[in-house]
Amino acid sequence: MASSMRSLFSDHNRYVESFRRFLNSSTEHQCMQEFMDKKLPGIIARIGDRKSEIKILSIGGGAGEIDLQILSKVQIQYPGIHINNEVVEPSAEQIAKYKELVAKTSNLENIKFAWHKETSSEYQNRIIEKKEFQKWDFIHMIQMLYYVKDIPATLKFFHSLLATNAKMLIILVSGISGWDKLWKKYGSRLPQDDLCQSVCKQKGNDLITEGKKKHQMAKGSFNH
């Protein structure tokens, strides 16, 4: 029998509130901070070599907290170099919060911001339709692949936009995480149109290796 439960994605305000409560009771932010401090500097070590400008594309940038941490690390790695940071985010509310955060944050003088209110699929379709292809030095997708229907095609498209020495950072739950166990045990009772299901049922490594691209995996854990 089909589940009568509705996906949280069907009610944005409820989803945001639920996610906020989840963060308040988990250590995800601490885990993310540790990754930014210890892993990210090595990942971005060569993205700006011999370049007068570093181009960064944020897919699903949300309210910008993590994005600004990334930009801070890039500024430390490449002091004084101009940074072009473009954000793809479907929520007008999140974009507004992102802009507010930028307005009250110092030391962003060398960074140019641009926001696109659209999903990753809408962005992809627009770029292809208008043939506005450009290369990026760093593309990051943090906890956003859950909203994508065709993940291999999405990864292939954005990988094609990478410049020389560029990197693409993907962060998502592991295929052996508690979410995967939840779906295996209670999947029939949960909303079947929930896009998170398509990600949790596959290991993150499989999603990337399907495209036969060179990559590195890093693991982290947090309490929830």
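We use all heavy atoms of the structure for the numbers below, so side chains are in, but hydrogens, waters and symmetry mates are not.
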How about Lys135: does its NZ atom have over 12 heavy atoms from other parts shown lying under 6.0 Å from it? yes

Validation row: His159, Lys156 side chains within 4.5 angstrom (heavy atoms): no

Using the rule given for side-chain contact (heavy atoms from CB on, under 4.5 Å), can you reason through Ile66 versus Ile142, listing the C-alpha separation, both sets of side-chain angles and the distance that settles it, and then say yes or no? CA-CA 9 Å; Ile66 299 299; Ile142 299 176; 3.5 Å; yes

The test is side-chain contact (heavy atoms from CB on, under 4.5 Å); show your working for Asn85 and Lys112 and say whether it passes. CA-CA 6 Å; Asn85 184 72; Lys112 177 183 177 182; over 6 Å; no

What one should report as the nearest heavy-atom pair of His82 and Asn110 is ND1-O, 3.1 Å

Close side-chain approach of Asn84 and Glu86, heavy atoms under 4.5 Å: yes

Side chain to side chain, Asp137 and Ile56, heavy atoms closer than 4.5 Å: no

Could you go through the salt bridge (charged side-chain N to carboxylate O under 4.0 Å, His left out) check for Glu100 and Lys104 one step at a time? CA-CA 7 Å; Glu100 290 176 3; Lys104 65 182 181 182; over 6 Å; no

When every non-hydrogen atom of Tyr78 is compared with those of Ile44, the smallest separation belongs to OH-O, 3.4 Å

So, for Ser120 and Ile59, which heavy atoms are closest and what is the spacing to 0.1 Å? CB-CG2, 3.7 Å

Using 0.5 Å steps for rounding, measure from the CG atom of Asn165 to the NZ atom of Lys167. 8.0 Å

In this structure, CD1 of Ile76 is separated from CG of Leu71 (nearest 0.5 Å) by 11.5 Å

Considering non-hydrogen atoms only, spot the tightest contact between Ala92 and Lys117 and give its length. CB-CE, 3.6 Å

Close side-chain approach of Leu101 and Glu65, heavy atoms under 4.5 Å: yes

Does Asp67 have any side-chain hydrogen bond (donor to acceptor under 3.5 Å, both in side chains) partners at least two apart in sequence or in another chain, and if so, which? Ser58, Tyr98

Measure the spacing between CD1 of Ile128 and OG of Ser160 and express it to the nearest 0.5 Å. 8.0 Å

Please test Val88 against Trp115 for side-chain contact (heavy atoms from CB on, under 4.5 Å), starting from the C-alpha separation and ending with a verdict. CA-CA 6 Å; Val88 176; Trp115 291 268; over 6 Å; no

Can you name the nearest heavy-atom pair linking Gln124 to Thr154, along with the distance? OE1-CA, 4.0 Å

Classify the ring geometry between Phe157 and Phe133 as parallel (under 30°), tilted (30 to 60°) or perpendicular (over 60°). tilted

Just so I know, are the side chains of Gln69 and Gln33 near enough to count as touching, which here means a heavy-atom distance under 4.5 Å? yes

Would you call Asp37 and Lys73 a salt bridge, taking side-chain N to carboxylate O under 4.0 Å as the test? yes

Just wondering, do Glu53 and Lys55 contact through their side chains at under 4.5 Å, heavy atoms? yes

Taking the ring of His140 and the ring of Phe138, is the distance between their centroids below 6.0 Å? yes

With no hydrogens and no angle check, do the side chains of Glu89 and His116 hold a donor and an acceptor under 3.5 Å apart? no

Are Gln77 and Pro41 close enough that some pair of their side-chain heavy atoms sits under 4.5 Å apart? yes

Any Glu122 side-chain heavy atom under 4.5 Å of Thr119 side chain: yes

Rounded to the nearest 0.5 Å, how far does CD1 of Ile139 lie from CD1 of Ile47? 11.0 Å

Shortest non-hydrogen contact from Ile83 to Gln75? CD1-CG, 3.9 Å

Before giving the answer on side-chain contact (heavy atoms from CB on, under 4.5 Å), spell out for Ile43 and Phe35 the whole-Å C-alpha distance, their side-chain angles and the decisive distance to 0.1 Å. CA-CA 11 Å; Ile43 293 173; Phe35 175 84; 3.7 Å; yes

Thinking salt bridges, do Glu132 and Arg126 make one under a 4.0 Å N-O criterion? yes

